[in-house]
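What follows is a single structure, written as structure tokens, with notes after it.
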Amino acid sequence: MTPTRPWPVLLLLVVAACDAPEVRRDVPYDPRHGAATTLDLHLPDSTTAERPAIVMIHGGGWRSFSKDVYDDQAQRLAGAGYVVANINYRLVPDGTYPVVMQDSLCALAYVRNHAAELGVDPDRVALYGYSAGGHLAALLGVAADEPDFQPDCAEGGTGAPQAVIAGAGPMDLAELESAQAVYELIGGRLDELPERYERASPLARVAAGAPPMLLQHGEGDLFVPIEQSYAMRDALRAVGTDARVLELAGAGHVVGPGGSPGRQDVVVTSQDTPEAWAATIGFLDATLGAP
Amino acid sequence: MRAALALGALAVALAGAAPAAAQPSQVTTDAAPAPPPRYDVALALPGLGAAALAVDAERDLPARKLSLVTGLAVRRAASGDYSSSTLAIGVEARRWLKRRAIWTRHRDAMVGWYVGGRLDVSLNRLHDDVMDSDHGQMVVAASALAGYRIAPWRGLELTPMAGVTWRTELDLDGRLPAARRAGLTFGLAAGWMF
């Protein structure tokens, strides 16, 4: 058991409050597509030369929202010493398969290509996403070399990340074929495009050498069943990869245990609970090393 | 553990009730209405689905149309390759408006519409079963709530509530900066007034 020492912690909090990370907004990683392919850089203020980095991929069914939904979490991770790139990507209908995968991979390549400028260790980069973003993070963790996913952006392609944190991510799209968002992402039904469903399903792409993965999921998630995260964990472990599931009772897809344990709060994802934050920082320290 | 907490909350409520019980008994007639309940012990129903047991003990201050609530909760939300334990305490002040409600025979009691302010403090510890390591978090939540209580049968009461909550999360291991956020919150409690 790690003993709790509140006074040093409070001192650190005060110091941290005076040392807020710098934010560079709307940096284009692929200038051809305007705001759709920009990212926000959250840079910890420090002299450390090579820090681990986190590329954050927002959710929204591949067709909604933007990097703004991850802004607070990005700033908190940067406050912990990670260089954070919080990305936009082209949304459906512009971003149907394989465009969203290509954009996400291009953003990952951007971070590695600019590692020296950003103070990043290019060999310590994690992908972090929720829902659709969790799907993309896990998919690029296991299939970054998929020919369909190679971007034609100036940054080019890149290899798999060194770690993945996926919250409530669809891992087997064939199981979710009735979901309109999946249909629109793939561009057709399962019986029409079975090979696309397979290529875009992280569970079907697991192979030896996959990066360690933390899968966070609410047990009451009605959009993406938690069994998908457990199946992914088991498949990863079968090939020798460190994979773990954080299951949260009382959490759905966008509803979670409240600030008071007797209530429920909206919008709280299973990735944005105290338990999930504790798991995230422990996992990042174990896989990327402390900043 | 859960039974002990429930009994503890009940003991708090009963301790507050003791002075009233010690007062001289009133002379009553058949026509005299029963005195309204001044105490309540309630269980948060959403907590049961979140592996949490959250109990509130409440005391009425009828002269001021106020009630004071103290709450105690435990939660074990994490599973899979993790386990967690959360201990939370809360205090709340409620202002009761008309002090009567539909389907409720009690008058001038803690029923009907109310507005309240609540402060909850919870300590959470997550255990990573894979790494055999622990991580701690503390959450301070301030909430502005509105609710409506009915008591459809004897002392049984149901209280749905909703409001806005402001949370501050502190990492007790010092790895993460504090996080502050606001959100909507809702709840449903079932209890017994006496």
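We name chains A, B, ... by the order of the sequence lines, and we start the count at 1 in each one.
- The minimum heavy-atom distance linking A:E219 with B:G49 is given by the pair OE2-O, 3.6 Å.
- The existence of a salt bridge linking B:D81 and A:R237 is confirmed by a sub-4.0 Å separation between a basic side-chain nitrogen and an acidic carboxylate oxygen.
- Counting heavy atoms from C-beta outward, A:R263 and B:R118 have side chains that approach closer than 4.5 Å.
- Ranking B:P46, B:A189, B:G90 against chain A, the residue ahead of the rest is B:P46, based on heavy-atom pairs under 4.5 Å.
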Before giving the answer on salt bridge (Lys or Arg N to Asp or Glu O under 4.0 Å), spell out for A:D272 and B:R181 the whole-Å C-alpha distance, their side-chain angles and the decisive distance to 0.1 Å.
CA-CA 11 Å; A:D272 196 18; B:R181 68 204 68 201; 2.3 Å; yes
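- Minimum heavy-atom separation, B:L126 to A:A279: CD2-N, 3.4 Å.
- A:L248 CG to B:Y82 OH: the interatomic distance, rounded to the nearest 0.5 Å, is 10.5 Å.
- Within the 4.5 Å cutoff, side-chain heavy atoms of A:W277 are placed close to those of B:L176.
- Looking at B:S84, its side chain never comes within 3.5 Å of a backbone N or O of A:E275 through a donor-acceptor pair.
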Exercise answer: donor-acceptor pairs, residues 281-291 of chain A side-chain atoms, under 3.5 Å, sequence neighbours excluded:
unit_1	atom_1	unit_2	atom_2	d
A:D285	OD1	A:Y82	OH	3.0
A:D285	OD1	B:R175	NH2	2.5
A:D285	OD2	B:R175	NE	2.9
A:D285	OD2	B:R175	NH2	3.4
A:T287	OG1	A:F283	O	2.7

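- Residue contact with chain A, scored on non-hydrogen atoms closer than 4.5 Å, is absent for B:L123.
- Of the atoms belonging to B:A54, it is side-chain heavy atoms, and not backbone ones, that fall under 4.5 Å from chain A.
- Of the possible polar contacts, one joining the A:R76 side chain to the B:P177 backbone as a donor-acceptor pair under 3.5 Å is found.
- By number of non-hydrogen pairs under 4.5 angstrom with chain A, the leading residue of B:A77, B:G71, B:G47 is B:A77.
- Under 4.0 Å is where a charged nitrogen must lie from a carboxylate oxygen, and between B:D129 and A:R244 no such pair does.
- A:L222 CG: 12 or fewer foreign heavy atoms inside a 6.0 Å radius.
- The residue among A:P274, A:S270, A:G250, A:G220 with the most heavy atom pairs within less than 4.5 Å of chain B is A:P274.
- Within a 6.0 Å radius of OH in A:Y230, more than 12 heavy atoms belonging to other residues, nucleotides or ligands are found.
- Between A:D265 and B:T165, some side-chain heavy-atom pair lies under the 4.5 Å cut-off.
- Comparing B:M138, B:M131, B:Q137 by how many heavy-atom pairs each has under 4.5 Å with chain A, the most go to B:Q137.
- Counting heavy atoms from C-beta outward, B:N124 and A:T273 have side chains that stay 4.5 Å or more apart.
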